[in-house]
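Notes follow the structure.
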Amino acid sequence: MAISGNINIKNKRASFEYNLLDRYVAGIRLLGTEIKSIREGKANINDSFCAFFEDGLYIRNMHIAEYSFGSFYNHEAKRDRQLLLTKKELKKLKEKGDDKGFTIVPLRIFISDRGFAKVEIALAQGKKDFDKRETLKEKENKREMDRAMKR
């Protein structure tokens with residue numbers, strides 16, 4: 001169990017591509033071999049996004065590698081997985097997500113203290129090109145300040 005607490009799979013491009021507004025922590029409905037692969041750190045959420053279907057919120061394009069010791073019970077690597085949130089949170093996300101320019105992006109996958117896989121999602125608004133350039137300038141200025149302080 002100590003090994004599983006160290007799992008922290010991040011979507012590093014999300015903060016560069018989007019302005020992150022509201023953050024939520026959601027559970028994920030997984031199969032047995034999927035949780036085992038996540039505990040091995042074999043998951044990727046860089047290209048994934050969240051979308052509403054008739055019965056809830058789903059994460060799409062999340063890649064979880066097949067479990068190495070799984071037999072014919074193994075899972076599909078890129079299937080839609082349901083996110084588990086309260087009705088109140090789902091309603092709020094549905095209302096905001098329907099507005100033009102807003103999307104729901106996953107930020108990171110981690111294992112909770114109780115051993116459950118959780119995903120941190122954010123309601124986000126896409127950045128324009130000039131906003132991305134500003135982000136790069138701020139990052140470079142911060143890096144220069146850190147270098148100057150070390151000298």
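Computed from a predicted model, the values in this text were never measured in an experiment.
Residue Tyr24 comes nearest to Lys92 through the heavy atom pair OH-CD, 3.3 Å, listed as atom of the first residue, atom of the second, then distance. The two residues Arg60 and Asp80 have their closest heavy-atom pair at NE-OD1, 3.1 Å. Closest approach of Asn46 and Lys10 over heavy atoms only: OD1-O, 3.8 Å. Shown here for Ile45 and Asn11, the closest heavy-atom pair between the two residues is O-ND2, 3.3 Å. Met62 approaches Ser48 most closely through the heavy-atom pair N-CB, 3.8 Å. The minimum heavy-atom distance linking Gly115 with Arg39 is given by the pair O-NH2, 2.6 Å.
In this structure, the side chain of Ser37 engages the main chain of Ala65 through a donor-acceptor pair within 3.5 Å. Using modelled atom types, no side-chain atom of Glu138 and backbone atom of Thr135 make a donor-acceptor pair closer than 3.5 Å. With Arg81 contributing its side chain and Arg79 its backbone, the two residues share a donor-acceptor pair below 3.5 Å.
For the atom pair CZ of Phe116 and CD1 of Ile111, the computed distance is 10.5 Å after rounding to the nearest 0.5 Å. With rounding to the nearest 0.5 angstrom, the CD atom of Gln125 is 11.0 Å from the OG1 atom of Thr103. Within the model, atoms CG of Leu21 and CD1 of Ile104 stand 11.5 Å from one another, a figure rounded to the nearest 0.5 Å. Ile64 contributes atom CD1, which lies 14.0 Å from atom NZ of Lys36 (distance to the nearest 0.5 angstrom). How far OG of Ser15 is from NZ of Lys139: 6.5 Å, rounded to the nearest 0.5 Å.
Of the candidates Val105, Leu123, Leu107, Tyr18 forms a side-chain contact (heavy atoms from CB on, under 4.5 Å) with just one, namely Val105. Applying side-chain contact (heavy atoms from CB on, under 4.5 Å) to Ile121 and the options Leu20, Asp22, Leu85 leaves one that passes, Leu85.
Ion pairing between Glu140 and Lys137 fails under the 4.0 Å rule for side-chain N and carboxylate O. Taking a cutoff of 4.0 Å between a charged side-chain nitrogen and a carboxylate oxygen, Asp146 and Lys142 qualify as a salt bridge.
Side-chain heavy atoms closer than 4.5 Å link hydrophobic residues (I, L, V, M, F, W, Y) into clusters, and following such links, even through other members, never connects Phe49 to Val119.
A donor-acceptor pair shorter than 3.5 Å can be found between the side chains of Asn8 and Arg108.
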Could you go step by step and tell me if Leu136 and Phe16 meet the side chain to side chain contact (heavy atoms under 4.5 Å, CB included) rule? CA-CA 9 Å; Leu136 288 174; Phe16 179 73; 3.8 Å; yes

Can Arg29 and Leu84 be said to form a side chain to side chain contact (heavy atoms under 4.5 Å, CB included), step by step? CA-CA 7 Å; Arg29 183 175 288 170; Leu84 307 172; 4.2 Å; yes

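In the displayed structure, Asp47 atom CG is contacted under 6.0 Å by at most 12 heavy atoms of other residues, nucleotides or ligands.
At least one side-chain heavy atom of Phe52 sits less than 4.5 Å from a side-chain heavy atom of Leu90. Side-chain contact between Lys94 and Leu57 is absent, with no heavy atoms from C-beta onward closer than 4.5 Å.
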